[in-house]
Amino acid sequence: GYMTNSAARALKTNRTYNIGVLFVDERRSGLAHEYFSSVLESLKVEAEAGGYDITFINRNVGKKATTYLQHCQYRGVDGVVIACVDFDDPQVLELVNSKLPVVTIDHVFNNRMAILSDNVVGTKALVQQAWACGHRRIAYLSDVAEERDRRLCSRRYDGFIAAMRRLGWSDPHRFMHFFAWHELPDFVALKKQGITAFVCAGEMTGVFVARGIHLQKLRIPEDFSLLGMEYVRISQALLPAQTTLVQNYSELAFHALELLEQLVRGETPAGDITVPYSLIER
């Protein structure tokens, strides 16, 4: 099972850490997705500031097919940061269950450390913002199936449920709608049901919903208020610009590298780290 180490570096006390970075997206959108590109850019900046080397992990080394774990062994990485959509991928699970130090971003494994955006508190803030503006029937919209939303959106679903119950709705689930982006809800029907505001679960969801509302001859904010997740450089350019939650990608990257270095040094970190969102009102 021996894998050669292409770096072939001598072990030194003050050596530079070689950090593996793994992105996996089962939809194959990869780094084209706003989330991944923002995480990557922040990791690059923080790695340079911290003196780390970064190695991108994939399934192939040269012409020889390998697993992610084998690629890590071949490249001689000291630890791995994982940010991906498909955490059920057998290749990812093999890496997570290996002896390598691993830190995940925005996903929790029982046996691994994680850096997490505070999606519960963040989504509560969106609901409370809509409520403070006078909205009482607030709907949650996601452009993926419910099961997938709960797995991918890192507890935004839970934050919405908790916020609506706190505001007096005993069955907030009836205000939750899941759809494919090309099969948008009937916004005219939702308006007749008394819905006046939407909380959108993903970066692209707000874009799809804004377009759908326009195509159905309705208006923002006259017919609906729309709140969602920040799509950098897009959310502010829409007409009208959207009120959004912004993930602190720099903090996610900084803490991921900091936590991973502790693990590489054989230390025991205090626990997972939660990073708060910022609310931009537009």
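For reference, positions follow the sequence shown, starting with 1.
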Worksheet item: Should Val246 and Leu279 be regarded as members of a common hydrophobic cluster, given that ILVMFWY residues are connected when their side-chain heavy atoms come within less than 4.5 Å of each other, either directly or indirectly?
Response: no
Worksheet item: How long is the span from the CG atom in Asp89 to the CG atom in Leu22, to the nearest 0.5 Å?
Response: 8.5 Å
Worksheet item: Taking a hydrophobic cluster as the set of Ile, Leu, Val, Met, Phe, Trp and Tyr residues connected by side-chain heavy atoms closer than 4.5 Å, whether directly or through intermediates, do Leu257 and Leu40 fall within one such cluster?
Response: yes
Worksheet item: Atom NZ of Lys217 and atom CG of Asp223: how far apart are they, to the nearest 0.5 Å?
Response: 13.0 Å
Worksheet item: Heavy atoms, side chains only, cut-off 4.5 Å: are Leu263 and Pro269 in contact?
Response: yes
Worksheet item: Applying the 4.5 Å side-chain criterion to the ILVMFWY set and letting contacts propagate, would Val120 and Leu126 be lumped into a single cluster?
Response: no
Worksheet item: Is there side-chain contact between Thr55 and Ile57, with at least one heavy-atom pair below 4.5 Å?
Response: yes
Worksheet entry | Pairwise distance CG(Leu252) to CD1(Ile105) - rounded to 0.5 angstrom | 6.0 Å
Worksheet item: Are Phe179 and Phe208 near enough that their ring centres are under 6.0 Å apart?
Response: no
Worksheet item: Do Tyr157 and Glu146 have side-chain atoms, one donor and one acceptor, less than 3.5 Å apart?
Response: yes
Worksheet item: Taking C-beta and beyond as the side chain, do Pro185 and Leu190 meet within less than 4.5 Å on heavy atoms?
Response: yes
Fill in: Ring geometry between Phe160 and Tyr140 (parallel below 30°, tilted from 30 to 60°, perpendicular above 60°)
tilted
Discussion item. Would you say Val80 ends up clustered with Val108 if hydrophobic residues are merged whenever their side chains have heavy atoms under 4.5 Å apart, either directly or through other cluster members?
Written reply: no
Worksheet item: Hey, are Arg155 and Asp118 close enough for a salt bridge, meaning a charged N less than 4.0 Å from a carboxylate O?
Response: no
Discussion item. Distance alone, cut at 3.5 Å: any donor-acceptor contact between the side chains of His71 and Thr66?
Written reply: no
Fill in: side-chain contact (heavy atoms from CB on, under 4.5 Å) between Arg282 and Gln236, worked out
CA-CA 8 Å; Arg282 299 188 176 104; Gln236 66 188 27; 3.7 Å; yes
Worksheet item: With under 30° as parallel and over 60° as perpendicular, where do the rings of Trp169 and Phe175 fit, or are they tilted in between?
Response: perpendicular
Discussion item. With rounding to the nearest 0.5 angstrom, report the CD to CE distance, Gln242 to Met229.
Written reply: 12.0 Å
Worksheet item: So Gln216 and Asp186, side-chain contact (heavy atoms from CB on, under 4.5 Å) or not? Walk me through it.
Response: CA-CA 8 Å; Gln216 294 182 30; Asp186 184 341; 3.8 Å; yes
Worksheet item: Are Leu116 and Val275 linked, directly or through other ILVMFWY residues, by side chains that come within less than 4.5 angstrom of each other?
Response: no
Worksheet item: Under 4.0 Å between a Lys/Arg side-chain N and an Asp/Glu carboxylate O for Glu261 and Arg265?
Response: yes
